[in-house]
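Data block below; observations after.
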Amino acid sequence: LQRVWEMPWETERQTRKIVEECHKRGIRVVPYFGYEVSSLNPLWGEYADKVLDVGFTDGRKKGGWYRVPHQRDYIVCYDSEWGDMFYNGVKTLIEKMDFDGIYLDGTIAPRPCCNEKHGCGYRDEQGELHVTYPFKGAREMIKKIYSFVESRGGIVNTHLSSCMNAAALGFSHLVWNGEDIQRTIQSKGMDCVPLDYFIAEYTGRNIGTPNELLCYEFEGVWTYKDCLCLALPHGVLPRPNDIGTPLEISSILWGIFDDFDVSKATWHPYYKDGMKPFKNLPEKAVVSYYGHEDGRKLVFVANHDTKERSITVSSELFKNVTVYDAYDKIDVPVDNGKIKLNLSKYDCKILLVK
């Protein structure tokens with residue numbers, strides 16, 4: 001069943017075995033929960049009408065996805081009593097199964113609701129019903145989950161799409177984001193993703209919560225490697241959605257970041273006020289970097305263009321240094337503070353400067 005915190009006996013037995021074997025190998029296990037209630041949930045008959053998200057003033061409910069075994073899943077509202085029920089349910093499940101945290105798929109998005117049975121919505125002077133947005137309910141629910149999981153040394157992962165609920169995002173250890181803009185890139189290209197919008201919603205630095213950029217590959221249009229040009233100059237790591245090449249690329253990235261010890265470096269994004277050490281960059285090229293006090297730098301040069309291009313990057317930072325392409329593992333010639341790079345479509349060079 002979808003989003004249910006009680007398991008059939010056989011599922012529980014199998015899950016216990018998975019958790020046991022993973023823990024033997026030092027692997028954490030985090031269960032998935034979404035934002036819906038299933039028509040097969042034993043609580044459906046008693047609670048559905050009282051807790052469902054009525055997203056339209058004509059009474060229509062949000063969701064209604066079909067699942068197998070045969071069921072319908074509708075979105076719930078966490079300003080209803082379901083918020084406390086959900087918290088108590090997942091708390092009991094985590095303790096019982098010894099899970100290492102929780103993953104919440106879209107759960108903290110305050111979707112519009114006008115279900116008057118639990119106090120959402122309002123009526124104007126003419127008596128016409130309007131929706132409200134239950135961001136407080138989402139905040140209180142995840143705040144309690146975070147406190148409980150944190151006390152166990154676990155992790156709370158959340159996922160949002162086209163939503164910036166800062167009131168709730170502060171109670172996450174890690175945010176997975178980017179699913180919505182991947183679809184835009186697939187159909188319209190990166191030009192339709194304004195970088196100011198990306199900076200506001202996808203970096204996590206404005207609210208202090210680490211973000212990872214979900215990457216979905218679309219053959220011939222957008223690859224996991226392409227995703228680096230959007231993620232790395234914004235100080236975000238891409239999160240693979242498949243095994244094989246994406247994981248191999250991730251392994252290279254983690255190695256580079258660990259060797260450089262990014263956690264102790266200072267971040268210098270291209271969009272920061274006064275951060276203009278790189279001269280004469282062409283349109284759709286950006287440069288950001290991490291820097292250590294000893295002068296070492298990890299520099300990301302990204303091409304957001306759909307065309308291959310050769311660019312010259314000029315900076316005082318490139319004087320009296322050596323430059324090494326940490327991804328392709330080759331030396332990069334430096335000429336009086338200038339380096340010349342050939343970048344393919346949606347390319348990103350990762351340069352180690354010493």
Within the side chain of [X], is there an N or O that forms a donor-acceptor pair under 3.5 Å with the backbone of [Y]?
X	Y	answer
E179	L214	no
D124	Q126	yes
H304	C229	yes
D53	I75	no
S288	Y270	yes

Flag side-chain contact, heavy atom, 4.5 Å: Y47 against M85 = yes
With rounding to the nearest 0.5 angstrom, report the [atom1] to [atom2] distance, [X] to [Y].
X	Y	atom1	atom2	answer
I142	Y87	CD1	OH	12.5 Å
T132	N115	OG1	CG	10.0 Å
D226	C215	CG	SG	8.0 Å

Check [Y] with [X], please: is the shortest side-chain N to carboxylate O separation under 4.0 Å?
X	Y	answer
E12	R16	yes
D305	K307	no
D328	K349	yes
K144	E140	no
R152	D98	yes
R123	E116	yes

Heavy-atom neighbours of [X] [atom1] exceed 12 at 6.0 Å:
X	atom1	value
K338	NZ	no
D58	CG	yes
E293	CD	no
I330	CD1	yes

Going only through I, L, V, M, F, W and Y residues with side-chain contacts under 4.5 Å, is there a path from Y133 to V76?
-> no
Any side-chain donor-acceptor pair under 3.5 Å between R72 and Y66?
-> yes
Residue from D191, T306, N303 passing side chain to side chain donor-acceptor pair (under 3.5 Å) with K284 = D191
Answer with yes or no after comparing the ring centroid distance for W5 and F33 against a 6.0 Å cut-off, counting only values under it.
-> no
Taking the six-membered ring for Trp, are F198 and H234 ring centroids under 6.0 Å apart?
-> yes
Test ring-ring contact (aromatic ring centres under 6.0 Å, His included) applied to Y32 and Y103, F99, W176, the passing residue | Y103
Where do Y78 and F86 land on the ring pair (Phe, Tyr, Trp, His ring centres under 6.0 Å) test, with the steps shown first?
-> CA-CA 9 Å; Y78 292 96; F86 182 78; 5.6 Å; yes
Result of checking L230, L228, T203, L237 against L213 for side chain to side chain contact (heavy atoms under 4.5 Å, CB included) = L230
